[in-house]
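Counting convention: from 1, in listed order, for ligands and their atoms alike.
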Amino acid sequence: MKALRVGICGLGTVAQGVFRVLQDNADIISRRAGREILISVVASRTPKPDVDLGGAVFSTDVFSIPAHPDVDVVVELIGGEDAALRIIESSIEQSKNVVTANKAVIALHGKKLFQSLSSKGLCIGFEGAVAGSVPIVMSLSEALAANEYDLIAGIINGTSNYILTAMAKEGRSFDEALRAAKKLGYAEADPTFDIEGIDAAHKLTILAAMAFDIGFHYEAINTEGISDITLADIKYARQLGYEIKHVGISRRTSDGIEIRVHPALIPLEHLMSRIDGSMNALLVHSNAAGDTLMAGPGAGELPTASAVVGDLIRIARGNISPINIDLGSPGRIVATENITSAYYLRIPSLDKAGVFARVATILSDYDISIEAAIQQEQIKPGKDDQDWVPIVILTHLVQEKLMIDAIRKVQDLPEVIGPITRIRVEQLDQ
Ligand code: HSE
């Protein structure tokens, strides 16, 4: 059989990984694909003379790849949104299948792209777009396709997980850990996408579209990042029996589909709390299979390349059946203020008698019951020589809008001297 000729747009971390995987595992890949997979052309706006292109033709025109006569499949790895979308659309016009690791483009333009792919009988492989080497896309679309899904939850941003782990395990500062994540090639070109939860929200948009047939609704996701998490929060969470992780959660409830991305306290006894570094993990609860948990490297050169090459192997075998996503039936997405969650609160307050009682009274006025509390013994000197202490509270389940109203009232107490930190607590059950 003729070799599958691949044109790659981009020559960054992941693209270099694709070169390496195809070179290092060439024999196994040809055997499994039933034919050779050859990179015929590669284009990058920035030439990288040090990279071994193994005989591929180089161009600086990334837009020339889709129409190139020696390209059967286009691999889009330039990242970003506009140019990547243009490359994918032009590949579809050229009747070429596409592989991408670009979560932003799929999440934000999925509807339009899937409509044009389906009208042309083409496929797009995007396993590398979600959770690096963890095969969640194929699991949802094939291996678990017999199920109704109830819950998809997990750690889907390697950079955030790397930073939180470095803070929790090594006491490193947020900035220092972020610098290391950039150096290791985990972070996006704009790392605010990682630390503010945008990258995870792109990935969750895709997973929720696949699992819950609601279409692509990035705009409906409640998105929070990790930039406000402090070492103190990590320490108090531990004392209460939890680890702080950044998670994406989409869940079927009687009110509709919840879809949200935020830091959360995860019980120390849950396996998810032990997923460290750049590892990602996804828990899927479905009605026949039960709970399945998949974990693996969620970012970086070779793990993402592994997923990209996996998609190429599928295409080389002739399996171009599209990933089934129902674009036409938007489900009811639950407004975040209506979700129910338990909460961790850290309230910086003056060290005066009766403050805790006043906070507890406000919470009780809103029917919020306290599960656990820590009042730090060690007193910190504050402004104007007044001593202050953080009051840390773990609540039972409460509707989010009540929690927000209660926090507003607590914040107005004269003894509360700084912003209250609020982090959801997740048991990760259905
Ligand atoms: N910046 C992403 C992450 C890369 O840290 O997870 C993989 O999508």
Side-chain angles (χ1 to χ4, degrees), residues 10 12-18 21 75-81 84 99-108 110 124-138 152-167 172 174-208 210 218 221 223-227 229 244-249 261-263 272 275-282 294-311:
T13 307
V14 178
Q16 291 180 39
V18 170
V21 172
V75 175
E76 181 285 304
L77 296 174
I78 60 169
E81 196 183 328
V99 175
T100 181
N102 194 318
K103 47 259 156 162
V105 168
I106 305 281
L108 304 176
I124 185 163
F126 54 93
E127 187 67 74
V130 186
S133 64
V134 182
I136 184 67
V137 171
M138 274 300 119
I152 299 191
I155 295 169
I156 48 178
N157 184 264
T159 302
S160 296
N161 203 39
Y162 179 88
I163 294 172
L164 290 176
T165 307
M167 289 169 75
R172 282 156 85 188
F174 186 98
D175 291 339
E176 193 194 332
L178 175 59
R179 270 196 302 277
K182 282 193 210 161
K183 226 182 203 165
L184 290 161
Y186 303 152
E188 296 300 301
D190 176 356
T192 55
F193 274 49
D194 297 294
I195 60 180
E196 297 306 342
I198 300 162
D199 175 79
H202 287 149
K203 293 166 180 167
L204 192 66
T205 302
I206 299 171
L207 296 177
M210 295 183 71
Y218 171 76
I221 301 188
T223 304
E224 295 165 32
I226 59 164
S227 51
I229 303 292
I244 299 182
K245 293 289 179 189
H246 186 258
V247 290
I249 298 175
V261 158
H262 51 77
M272 196 65 79
I275 304 298
D276 285 339
S278 66
M279 295 284 277
N280 281 193
L282 279 145
M294 280 165 262
E301 179 183 350
L302 294 179
T304 314
S306 156
V308 169
V309 176
D311 279 337

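For a threshold of 3.5 Å applied to N or O pairs, the pair formed by Asn280 and ligand 1 contains no separation below that value. Some N or O of Gly158 is nearer than 3.5 Å to an N or O of ligand 1, by distance alone.
Screening Lys103, His202, Lys182 for a side-chain contact (heavy atoms from CB on, under 4.5 Å) with Glu188, the sole residue that qualifies is Lys103. Each of Ile136, Val309, Thr100 was scored for a side-chain contact (heavy atoms from CB on, under 4.5 Å) with Glu127, with one residue passing: Ile136. The residue from Val261, Ile221, Val130 that alone fulfils the side-chain contact (heavy atoms from CB on, under 4.5 Å) condition with Thr205 is Ile221.
Residue contacts with ligand 1 for Thr304 are absent, since no atom lies close enough (heavy atoms, distance under 4.0 Å). Under 4.0 Å from ligand 1, heavy atoms of Thr159 appear from its side chain as well as its backbone.
Nearest protein neighbour of atom 8 (O) of ligand 1, counting heavy atoms only, is Lys103 NZ, 2.7 Å. Atom 2 (C) of ligand 1 has as its closest protein heavy atom Glu188 OE2, 3.1 Å.
Contact atoms of ligand 1 toward Lys203: 2 (C), 3 (C), 6 (O), 7 (C), 8 (O) (distance under 4.0 Å to a heavy atom of the residue). If you number the atoms of ligand 1 from 1 as listed, the ones under 4.0 Å from a heavy atom of Asp194 come out as 1 (N), 2 (C), 3 (C), 5 (O).
Using a 4.0 Å cut-off between charged side-chain N and carboxylate O, Lys203 and Asp199 make a salt bridge.
Rounded to the nearest 0.5 angstrom, Ile195 CD1 and Thr159 OG1 are separated by 9.5 Å.
The shortest separation from a heavy atom of Gly298 to ligand 1 is under 4.0 Å, placing the residue in contact.
When side chains are defined from C-beta on, Tyr218 counts as touching Ile198, because their heavy atoms get closer than 4.5 Å.
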Worked check of side chain to side chain donor-acceptor pair (under 3.5 Å) between Glu196 and Ser227: CA-CA 7 Å; Glu196 297 306 342; Ser227 51; 2.9 Å; yes

